[in-house]
Structures are given as structure tokens and as C-alpha cells.
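Working notes, beginning with the structure itself.
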Amino acid sequence: MLRPISIGLKLMFAIASTSSICFCVLIFSNWHWNKKIDIKYSELIEIKTVLNDNLKTTVVDLQVKMLGIPEYLKIDPKGDILKWIQGNYAVKHHDILSGRENYIKLYNRTERRDISKGEIVVTSDTGQLV
């Protein structure tokens with residue numbers, strides 16, 4: 001004959017099954033949220049990698065532009081003067097005189113010295129710009 005189950009044993013089974021269910025829910029919840037956190041962390045790492053690559057590219061582009069700044073700061077006064085002359089006067093002919101003996105009769109001593117230093121000498125002779 002079977003003995004009836006005592007109240008203590010019933011309570012023990014109830015507590016054991018309830019705690020087992022609670023442990024299973026906690027373990028599943030822990031696994032589920034760890035998986036979600038891993039997915040979010042992977043997405044964060046991917047975003048960080050893309051941002052780092054973008055930052056590196058931007059920094060390199062800025063460095064290249066910064067190294068090109070001296071090109072913007074170069075001035076060519078001779079070229080600017082020639083552009084101004086061509087814009088404001090009609091150029092009848094263009095001669096390049098090389099050698100001191102070719103331009104000695106056209107300029108005085110200080111003008112020749114300026115020419116030998118590589119400077120531009122502009123004079124007005126009989127209403128014409130020389």
C-alpha cells in the first residue's frame with residue numbers, strides 16, 4: 001500500500017520545482033541578454049572601425065592639403081605684372097633680350113642693376129609702356 005505523501009515532502013517538491021523553473025528562467029534570460037549584448041557590441045565595433053577608417057582618411061587628406069598650403073602662398077609678381085600689362089595695354093610685340101649688350105642702350109644704370117637682380121623694370125617712353 002502506498003503511503004500518502006507528507007506535507008513536508010510536498011512542500012519540498014514544490015520549492016524544488018519552483019526554484020528549478022526560476023533557475024531555468026534566469027539562465028535563459030542570462031543567455032538571451034548576453035547574446036543581445038554580443039550583437040550590439042559587434043555592431044559597435046563595426047561602427048568604431050568605420051569611423052576610425054574615416055578619421056584616418058580625413059586626417060591624411062587634411063595633411064595632404066596642409067602640405068599644399070605653400071603652393072597657395074606663392075606669389076609671382078612678374079606674372080601678375082605681365083597679366084596687368086596685357087589686360088590694360090595692347091602688346092604690339094614681345095622681345096626677349098638676353099645679354100647685357102642687348103639692353104644696355106634701353107635702360108640707365110640703376111635699371112640695368114635691377115634687371116641683373118631679376119627684377120622687372122617698367123618705363124614709359126613716348127606714350128608706350130616698355
More than 12 heavy atoms of other groups within 6.0 Å of Leu51 CG: yes

To the closest 0.5 Å, what do you measure between [atom1] ([X]) and [atom2] ([Y])?
X     : Y     : atom1 : atom2 : value
Asp80 : Ile85 : CG    : CD1   : 11.0 Å
Lys40 : Leu44 : NZ    : CG    : 10.5 Å
Tyr41 : Lys48 : OH    : NZ    : 7.0 Å
Ile45 : Asp38 : CD1   : CG    : 11.0 Å

Partner set under side-chain contact (heavy atoms from CB on, under 4.5 Å) for Glu111, not counting sequence neighbours: Tyr107, Asn108, Val121, Thr123

By salt bridge (charged side-chain N to carboxylate O under 4.0 Å, His left out) - contacts of Glu43 (at least two apart): none

Salt bridge (charged side-chain N to carboxylate O under 4.0 Å, His left out) partners of Lys36, counting only residues at least two apart: none

Apart from Val59 itself, residues in the same hydrophobic cluster as defined by side-chain heavy atoms under 4.5 Å: Leu55

Remaining members of hydrophobic cluster (4.5 Å side-chain criterion), Ile37: none

Single-linkage hydrophobic cluster Met66~Leu73, side-chain heavy atoms < 4.5 angstrom: yes

Just list the side-chain donor-acceptor pairs under 3.5 Å for residues 15-32, sequence neighbours left out, or say none.
unit_1: Ser17; atom_1: OG; unit_2: Phe13; atom_2: O; d: 3.0
unit_1: Ser17; atom_1: OG; unit_2: Ala14; atom_2: O; d: 3.0
unit_1: Thr18; atom_1: OG1; unit_2: Ala14; atom_2: O; d: 2.6
unit_1: Ser19; atom_1: OG; unit_2: Ile15; atom_2: O; d: 2.9
unit_1: Ser19; atom_1: OG; unit_2: Ala16; atom_2: O; d: 3.1
unit_1: Ser20; atom_1: OG; unit_2: Ala16; atom_2: O; d: 2.7
unit_1: Asn30; atom_1: OD1; unit_2: Asn34; atom_2: ND2; d: 3.1

